[in-house]
Amino acid sequence: MTQAPQETGVTEPPGEEELSRAGLRLTVEGAVARITISRPERRNAMTGRTWTTLAHIGQTLPEDVRIVVIAGEGDIFSAGIDLGMFTPEGVEGERSIIGGLTDGSADEADLDAYIAELQQGFLWLRRPDLVTIAAVRGYAIGAGFQLALSCDLRVLADDAVFCMKEPALGLVPDLTGTKPLVDIVGVHRATEICLTARKVGAEESRELGLATLVVGVDELEGAVDDAVAALLTVDHGAATATKDLLLQAEGNTLEEQCAAERAAQVKRLTTLAKAMAAQA
Ligand code: ACO
């Protein structure tokens, strides 16, 4: 079964203060939520708080939201993790990722639990009841690339540049990005992209299937709006059931997938029949 909305008991969406401390902006209009990574003075670099707040946004989206668009403020998507997170002193008001290991106040299990918490900020973007779109201008480095990879669609401006920088910093990509990267480009190309930490431009991203669409910088907003409008023409129940099926496909045998298709269709037909009967 694929990722479903989490039952966390959290019902209140993040307020302006939480959003601002996380370097995020959020607007929700009807079926569309727009999240902007907004720390332009740090090239939209993200902190632990960015991802715990992203998770909070996911937990508290109104039920009628169907589309989530994530973009960066200005001419860059994100410079990835705030590098201050790797210094012993960390980023002000944030837990340092390695500080606890250097001073002995945290052990490996603590760190594992902390990273799991941060990954929640990325995982919910796969939810079948949502279609998530990364609108990418300029650099999407490291965690920024992984955030874009967590989305269903990546609409790129022609100045977009992906880079999986983590191995060049002695790290691994750990914010849920390795699976979608391999799913999209295959293990061999993913190995080359990660282990060289090289830049992958918009045209190459289109060729590799990393970009759903590449447009001129000035056309990015309009292209995303067009994609949103097209996605909203499909019935929400059908969209959710179809994304759920598609997400299962790779891990299923043909037989299992056929069974999943039948089960989903029976539910759809039952829903449609009830709606027809109610109208009659
Ligand atoms: N963390 C913290 N601060 C950052 C980051 C970052 N990831 N990226 C940029 N900044 C800061 C710079 O230190 C600089 O601050 P200053 O004005 O106080 O000196 C400011 O943002 C502007 O940065 P520049 O490098 O001058 O911007 P430029 O447009 O020339 O380059 C680029 C942008 C390419 C994104 C460059 O800043 C860069 O390479 N950043 C680091 C990327 C990185 O290694 N990210 C971590 C990847 S690993 C992961 O995400 C898990």
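FYI, side chains are in, hydrogens and waters are out, and symmetry mates aren't considered; it's all heavy atoms of this structure. Both ligands and their constituent atoms are indexed starting at 1 by order of listing.
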Next on the checklist: Determine whether any protein heavy atom is located less than 4.0 Å from atom 25 (O) of ligand 1.
Outcome noted: no

Checklist entry - What is the closest protein heavy atom to atom 7 (N) of ligand 1, and at what distance does it sit? => result Ile81 O, 2.9 Å

Checklist entry - Is atom 30 (O) of ligand 1 close to the protein, meaning a heavy atom under 4.0 Å from it? => result no

Checklist entry - Rounded to the nearest 0.5 Å, how far does CG of Asp244 lie from CZ of Arg127? => result 12.5 Å

Item to check | atom 36 (C) of ligand 1 protein-contacted (non-hydrogen atom, under 4.0 angstrom) | outcome: no

Checklist outcome for this item: Quick note on ligand 1: atoms under 4.0 Å from a heavy atom of Gly80 include exactly 50 (O)

Next on the checklist: Salt bridge or not between Arg49 and Glu18? Use side-chain N to carboxylate O under 4.0 Å.
Outcome noted: no

Checklist entry - So is there a nitrogen or oxygen of Lys165 less than 3.5 Å from a nitrogen or oxygen in ligand 1? => result yes

Checklist outcome for this item: Heavy-atom proximity to atom 5 (C) of ligand 1, picking from Arg42, Met46, Arg43, Glu41, points to Arg42

Checklist entry - Closest non-hydrogen protein atom to atom 34 (C) of ligand 1, residue and atom name please, with distance? => result Tyr139 CE1, 3.6 Å

Checklist entry - Could you give the distance from CG (Leu101) to OG (Ser96), rounded to the nearest 0.5 Å? => result 8.5 Å

Item to check | Residue and atom name of the nearest protein heavy atom (relative to atom 39 (O) of ligand 1), distance in Å to one decimal | outcome: Ile141 CD1, 4.1 Å

Checklist entry - Should the pair Trp51 and Phe122 be assigned to parallel (<30°), tilted (30 to 60°) or perpendicular (>60°) ring geometry? => result tilted

Checklist entry - At what distance is the nearest protein heavy atom to atom 43 (C) of ligand 1, and which residue and atom is it? => result Ala79 O, 3.6 Å

Checklist entry - Protein heavy atom under 4.0 angstrom of atom 3 (N) of ligand 1, is there one? => result yes

Checklist entry - Is there a side-chain contact between Leu24 and Thr50, using heavy atoms and a 4.5 Å cut-off? => result yes

Item to check | Test of proximity, Ala143 against ligand 1: N or O pairs below 3.5 Å | outcome: yes

Checklist entry - Do the charged groups of Arg34 and Asp225 touch, with an N to O distance under 4.0 Å? => result yes

Checklist entry - Does the distance from a Lys or Arg side-chain N to an Asp or Glu carboxylate O, for Lys243 and Asp129, drop under 4.0 Å? => result no

Next on the checklist: Taking 4.0 Å as the limit for heavy-atom contacts, which would you say applies to Ala45 with ligand 1: side chain only, backbone only, both, or neither?
Outcome noted: side chain

Item to check | Top protein contact for atom 51 (C) of ligand 1, by heavy-atom distance | outcome: Glu166 OE2, 3.3 Å

Checklist outcome for this item: Gly142 heavy atoms within 4.0 Å reach ligand 1 at atoms 49 (C), 50 (O)

Item to check | Six-ring centre of Tyr114, Arg95 cation under 6.0 angstrom, axis tolerance 45° | outcome: yes

Checklist entry - Does the Asp110 side chain pair with the main chain of Asp107, one donor and one acceptor, at a distance under 3.5 Å? => result yes

Checklist outcome for this item: Residue, atom and distance of the protein heavy atom nearest atom 48 (S) of ligand 1 read Leu169 CD1, 3.6 Å

Next on the checklist: Closer than 3.5 angstrom, by distance alone: can the side chain of Gln146 be matched with the main-chain N or O of Leu175 as a donor-acceptor pair?
Outcome noted: yes

Checklist outcome for this item: Among non-hydrogen protein atoms, atom 1 (N) of ligand 1 lies closest to Leu83 N, 2.9 Å

Next on the checklist: I want to check something: taking the side chain as every heavy atom from C-beta on, are Asp159 and Tyr139 in contact at a cut-off of under 4.5 Å?
Outcome noted: no

